[in-house]
Number of protein chains: 2
Amino acid sequence: MPTASAGAAAASAFAAHDHARCAAETLAQAEAVAVAAGLRLTPVRRRTLEILLESHRALGAYEVLDRLAAEGFGRQPPVAYRALDFLVDAGLAHRVQRLNAFAACMHPGRAHQPVFLICRSCNAVAEVPAAAVHAAVAAAAPPGFAVERVTAEAVGLCASCRGAAA
Amino acid sequence: MPTASAGAAAASAFAAHDHARCAAETLAQAEAVAVAAGLRLTPVRRRTLEILLESHRALGAYEVLDRLAAEGFGRQPPVAYRALDFLVDAGLAHRVQRLNAFAACMHPGRAHQPVFLICRSCNAVAEVPAAAVHAAVAAAAPPGFAVERVTAEAVGLCASCRGAAA
DNA sequence: GATTGACCTGTTACAGTATCACATACCATA
DNA sequence: TATGGTATGTGATACTGTAACAGGTCAATC
């Protein structure tokens with residue numbers, strides 16, 4: 001039941017969890033995916049992914065670039081953009097359109113175009129499975145339109161921020 | 001039956017139609033909405049909406065700004081952004097995240113958070129009703145997450161561009 | 001008529017996001 | 001070692017968006 005497990009993983013972005021382990025496991029999965037696909041997870045790319053994995057937030061390209069530059073990698077915008085684009089193309093990260101920012105993919109390897117849930121208070125971003133959403137979009141499109149990719153992002157308040165506000 | 005009529009209107013963005021009339025009617029509706037809401041459709045704002053209504057494409061803020069400047073309005077970015085933000089807030093235009101661009105709302109006055117269909121060939125943008133999509137997103141979110149706004153955008157090929165490619 | 005206050009328009013300056021173009025370095029393999 | 005593909009570094013530049021402030025317009029009120 002992929003939906004249930006993905007849902008659990010998604011929920012964890014908004015729940016207390018052992019994040020060090022969460023990040024390490026996801027990184028290990030990403031490495032396996034890269035090897036299997038014959039892609040090279042070079043130092044810049046790997047470090048970029050690690051930076052994204054440090055939190056469940058989406059980071060701007062220049063936020064990533066600052067981190068990379070501080071660690072001795074290049075300090076020009078293309079350094080960050082190339083690494084981020086690679087990760088996105090490889091399915092190891094996602095771009096969050098609404099924030100013009102990037103987040104690590106929390107279950108790499110599985111083909112998926114997730115829906116993103118963005119908490120407007122703590123800025124955490126979670127992925128949830130989106131098959132039903134895509135089906136709804138396809139159903140809403142006029143007959144001749146061929147839907148190829150769907151971007152769906154929701155802004156709201158996560159459980160803990162709601163609790164804090166109340 | 002709002003769904004059916006909205007669907008027909010959406011389909012028209014990808015279909016041959018009397019666009020002058022389409023734009024004029026939408027502008028008239030927008031004016032009525034603005035009056036009803038006590039909002040002022042000033043010259044800059046009105047002209048901005050007209051520019052968006054000239055096509056079913058989404059225009060970048062600077063594209064709009066160039067047009068405004070050429071017609072004697074201010075030539076600084078805030079001029080365009082303020083007009084566009086006003087139109088979006090008033091429900092007379094929408095922002096298309098994926099393109100960092102703006103499109104006129106084709107059925108102003110009705111509360112709606114539409115799904116956008118973007119043709120990657122001709123760049124036309126259509127709105128389609130999205131109630132089912134929002135429901136699917138809400139259903140996919142973990143229990144504690146309160147969804148407030150949903151952005152859904154689909155990229156694909158419209159019927160006529162598919163025909164042209166074949 | 002003068003004053004007030006809300007709103008609108010305009011400007012400067014700048015912050016953040018993204019790409020182009022080119023040079024160089026690395027690495028696998030023949 | 002020669003070669004070709006891939007990755008990285010660098011500078012420049014384009015595109016997108018916002019903050020802060022000055023002045024103008026207009027209606028309501030004094």
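Side chains are part of it too, since the values below use all heavy atoms of this structure and drop only hydrogens, waters and symmetry mates. Every chain is numbered from 1, with letters handed out A, B, ... down the list of sequences. This is a predicted model, so every value here is computed, not measured.
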Check your understanding: Is A:Y62 side chain donor-acceptor paired with the C:dA18 base, going by distance under 3.5 Å alone?
Key -> yes
Check your understanding: In whole angstroms, how far is the P atom of D:dT16 from the OH atom of A:Y81?
Key -> 12 Å
Point to revise | Contact nearer the 5' end of DNA chain D, comparing B:P78 with B:R40 | key: B:P78
Review point. For the pair made of CD in A:Q97 and C1' in C:dA18, what is the distance, rounded to whole Å?
Key: 13 Å
Check your understanding: In terms of side-chain geometry, is the basic nitrogen of B:E63 or B:R67 positioned less than 4.0 Å from the acidic oxygen of its partner?
Key -> no
Exercise for review: Report yes if at least one side-chain N or O of A:N100 is closer than 4.0 Å to OP1 or OP2 of C:dG16; otherwise report no.
Suggested key: no
Practice item. Measure the shortest side-chain to side-chain distance between A:F86 and A:V88 over non-hydrogen atoms and say whether it is less than 4.5 angstrom. Key: no
Exercise for review: Round to the nearest Å and state the distance from B:F102 atom CZ to D:dT16 atom P.
Suggested key: 10 Å
Review point. Within this structure, what is the CG-to-P distance between A:L41 and D:dT6, rounded to whole angstrom?
Key: 17 Å
Review point. Starting at CG of B:L84 and ending at C1' of D:dT18, how long is that distance when rounded to a whole Å?
Key: 14 Å
Review point. Base, sugar-phosphate, or nothing for A:R82, non-hydrogen atoms under 4.0 angstrom?
Key: base
Review point. Can you check side-chain contact (heavy atoms from CB on, under 4.5 Å) on A:E153 and B:V150, steps first, answer last?
Key: CA-CA 6 Å; A:E153 301 173 356; B:V150 175; over 6 Å; no
Exercise for review: Indicate whether OP1 or OP2 belonging to C:dA18 is found under 4.0 Å from a side-chain N or O atom of A:R95.
Suggested key: yes
Check your understanding: Has A:Q76 got a side-chain N or O lying under 4.0 Å from the OP1 or OP2 atom of D:dG11?
Key -> yes
Check your understanding: Atom CG of B:L87 to atom C1' of C:dC8: distance rounded to whole Å?
Key -> 14 Å
Review point. Whole-Å distance between C:dT17 C1' and A:L59 CG?
Key: 14 Å
Exercise for review: Anything under 30° is parallel, anything over 60° is perpendicular, the rest tilted; go ahead and classify B:F102 against B:Y81.
Suggested key: perpendicular
Practice item. Look at the side-chain N and O atoms of A:R75 and state whether any lies under 4.0 Å from the OP1 or OP2 oxygen of D:dT10. Key: no
Point to revise | Whole-Å distance separating the CG atom of A:D85 from the P atom of C:dA18 | key: 9 Å
Practice item. For the side chain of A:P77, starting at C-beta, report the closest nucleotide among C:dT19, D:dA7, D:dT18. Key: C:dT19
Point to revise | Side-chain ion pair, B:E54 and B:R47, N-O less than 4.0 Å | key: yes
